J.: 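This structure is in structure tokens; I'll ask about it shortly.
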Amino acid sequence: MIKFLDLQKVTESHGKEINEAVTRVVNSGWYLQGKENENFEKNYSDYIGTKYTVGCANGLDALIWIFRAYVEMDVMKPGDEVIVPANTYIASILAISENGLVPVLVEPDINTYQIDPEKIEEAITSKTKAILIVHLYGQCAYTDKIGEICKKYNLKLIEDNAQAHGCKFNGRRTGSLGDAAGHSFYPGKNLGALGDGGAVTTNDEELAKVIRAVANYGSTKKYVFKYIGRNSRLDEIQATVLDVKLKHLDEDNAKRKAVAREYIEGIKNPNIVLPQIKDWDAHVFHIFPIRTEQRDELQKYLAENGVQTIIHYPIPPHKQECYKDWNSSSFPITEKIHAEELSLPISPVITEAEINEVIRLINAWK
Ligand SMILES: *Cc1c(COP(=O)(O)O)cnc(C)c1O
């Protein structure tokens, strides 16, 4: 079977280094808030191009902590609105709700699948405090227009960089383009841990300090509590694994890009819509999304022929039971993407033979 993502093989590809690093931490007797976190945070800041990285338990928490810190800093208050793409993974939206803020959904562009910059301004009200852009599928969602809107209306720009580690906009990494960014190190992400992990990157010293505190019981000093916090930390073993994998991230992303190029050049089937890539630096292909009106048939055909695919995502956030109030609202572009999207196998470890087989099968479909 051609796996959607062979995680065992991904880990194996850096196995020797990972094993040495993990063994060193295991033998050190120090498992939380130590040298490995310090080291990874420094290296990740250098890589992304921000002054600060604050590690935390997972990507959802990273986003939650950004909004929580802004609430603690009186930059936002419950009831304020945050603009977010309607076609994102639910975590982007949960992070807003979790803080008593109100997510305001905006449709994506059907060609890029990213939030449509032309539709943002009409969603702004006197309560809007921030735009949360999501670099969905690994493609940069930022545009100069979004930057201008944030300036014009004095809005915070927050990035959900869970799917886009290493992605660039005009030479700058995503995760450094706005006021703060949330990163996920879920195992399947481009930079994945061997378990859960997350981080916030920012140039804002105060924000970084508040996040470090709220993610550590609200403590600013041992046994002194300034906020009603939680325990959400990155452990030392995950930090060292991430530090090893960070060194290989650019080469791993280059391999993903090479796979994407082969798909784009090789797939020639009029029933398939391929992703349109204008800037190859601005995409790290966390996902290779194709679209077809007969999506479910295609998925079944590929499965019967030994190819595993995934749908990102089958049900849009506004149709989920947890957001009942939105269930009757209509976001036709979002709904179209959710009805037609199919993600093909892509990873740094997929073989040439596997890529060719996927292309052959899709070209022979119908
Ligand atoms: C994975 C993901 C998250 C959540 O990250 P976790 O580490 O799984 O909590 C948030 N946003 C997006 C877009 C994601 O893909």
Side-chain angles (χ1 to χ4, degrees), residues 4-5 7 10 40 44 53-68 82-99 101 103 105-106 108 112-115 130-142 157-167 174-175 177-178 180-201 211 215 230-235 238-239 241-242 245 253 256 283-289 310-318 320 322-323 334 337-338 341 343 346-347:
F4 176 73
L5 171 66
L7 264 184
V10 169
F40 172 66
Y44 199 61
T53 294
V54 182
C56 65
N58 54 67
L60 171 59
D61 275 5
L63 293 167
I64 287 175
W65 299 136
I66 293 170
F67 291 108
R68 171 71 190 273
V82 178
I83 288 170
V84 62
N87 64 319
T88 183
Y89 180 58
I90 198 81
S92 322
I93 299 173
L94 295 176
I96 300 168
S97 304
E98 170 85 16
N99 283 287
L101 301 162
L105 307 183
V106 169
T112 63
Y113 312 132
Q114 309 302 326
I115 192 167
I131 303 174
L132 173 59
I133 56 172
V134 182
H135 306 300
L136 196 72
Y137 305 147
Q139 182 166 28
C140 180
Y142 181 83
L157 178 63
I158 299 161
E159 298 171 81
D160 181 338
N161 202 45
Q163 301 189 359
H165 321 93
C167 182
T174 57
L177 305 174
H183 307 251
S184 163
F185 305 126
Y186 175 82
K189 300 288 160 83
N190 287 32
L191 180 59
L194 305 183
D196 275 317
V200 174
T201 52
I211 290 174
R230 277 210 289 124
N231 178 0
S232 169
R233 300 181 300 213
L234 183 66
D235 68 66
Q238 299 308 338
V241 169
L242 290 167
K245 292 182 80 176
N253 280 342
R256 285 176 178 272
H283 209 320
V284 290
F285 294 96
H286 173 59
I287 298 294
F288 189 89
I310 296 185
I311 297 165
H312 293 94
Y313 298 90
I315 306 169
H318 70 281
Q320 298 286 354
C322 63
Y323 286 116
T334 295
I337 295 169
H338 284 74
E341 195 273 347
S343 305
I346 192 164
S347 79

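Here the structure is a predicted model, which means the values were calculated and not measured. As the structure lists them, so they are numbered: ligands from 1, and atoms in each ligand from 1.
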J.: Near Ala91, which atoms of ligand 1 are under 4.0 Å from a heavy atom of that residue?
T.: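 Atoms satisfying the 4.0 Å criterion: 3 (C), 4 (C), 10 (C).
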J.: Can a non-hydrogen atom of His286 be found less than 4.0 Å from any atom of ligand 1?
T.: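 For ligand 1, residue contact (heavy atoms, under 4.0 Å) with His286 is absent.
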J.: What atoms of ligand 1 come within less than 4.0 Å of a heavy atom belonging to Leu60?
T.: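 That gives atoms 4 (C), 5 (O), 6 (P), 9 (O) of ligand 1.
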J.: If you measure every N or O of Gly59 against every N or O of ligand 1, does any of those distances drop under 3.5 Å?
T.: yes
J.: What verdict does the side chain to side chain contact (heavy atoms under 4.5 Å, CB included) test give for Phe185 and His165, after you've listed the backbone C-alpha separation in whole Å, the side-chain angles of each residue and the deciding distance to 0.1 Å?
T.: CA-CA 9 Å; Phe185 305 126; His165 321 93; 4.0 Å; yes
J.: Is any N or O atom of Leu63, backbone or side chain, closer than 3.5 Å to an N or O atom of ligand 1?
T.: no
J.: Would Lys189 count as being in polar contact with ligand 1, using the rule that some N or O on each side must be under 3.5 angstrom apart?
T.: yes
J.: Any sub-3.5 Å donor-acceptor pair from Tyr137's side-chain atoms to His312's backbone N or O?
T.: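 Yes; judged by distance alone, with no hydrogens or angles, the pair exists.
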J.: I need the Asn161 CG to His183 NE2 distance, nearest 0.5 Å.
T.: 5.0 Å
J.: Decide whether Thr174 and His135 meet the rule of one side-chain donor and one side-chain acceptor closer than 3.5 Å.
T.: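 No donor-acceptor contact under 3.5 Å links the two side chains.
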J.: How far is atom 13 (C) of ligand 1 from the closest protein heavy atom, and which atom is that?
T.: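 Checked against all protein heavy atoms, atom 13 (C) of ligand 1 sits closest to Asp160 OD2, 3.4 Å.
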J.: Backbone or side chain, does any N or O of Gln163 fall under 3.5 Å from an N or O of ligand 1?
T.: yes
J.: At a 4.0 Å threshold, what atoms of ligand 1 neighbour a non-hydrogen atom of Ala162?
T.: 2 (C), 3 (C), 10 (C), 11 (N), 12 (C), 14 (C), 15 (O)
J.: Between Val134 and ligand 1, which residue portion shows a heavy-atom distance shorter than 4.0 Å: side chain, backbone, both, or neither?
T.: side chain
J.: Less than 6.0 Å separating the ring centroids of Tyr186 and Tyr89?
T.: no
J.: Donor-acceptor pair, distance only, cut-off 3.5 Å: does the side chain of Gln139 make one with the backbone of His283?
T.: no
J.: Looking at Pro108, is its backbone amide N or carbonyl O close enough to the side chain of Gln114 to form a donor-acceptor pair, meaning the two atoms are under 3.5 Å apart?
T.: no
J.: For the side chain of Asn87 and the backbone of Tyr113, is there at least one donor-acceptor N/O pair under 3.5 Å apart?
T.: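 Judged by distance alone, yes, a pair lies under 3.5 Å.
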J.: Flag Tyr89 as yes when one of its N or O atoms lies below 3.5 Å from any N or O atom of ligand 1, and as no otherwise.
T.: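 No: no nitrogen or oxygen of Tyr89 is under 3.5 Å from one in ligand 1.
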J.: Looking at ligand 1, does any of its N/O atoms fall within less than 3.5 Å of an N/O of Ser184?
T.: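 So ligand 1 has an N or O lying under 3.5 Å from an N or O of Ser184.
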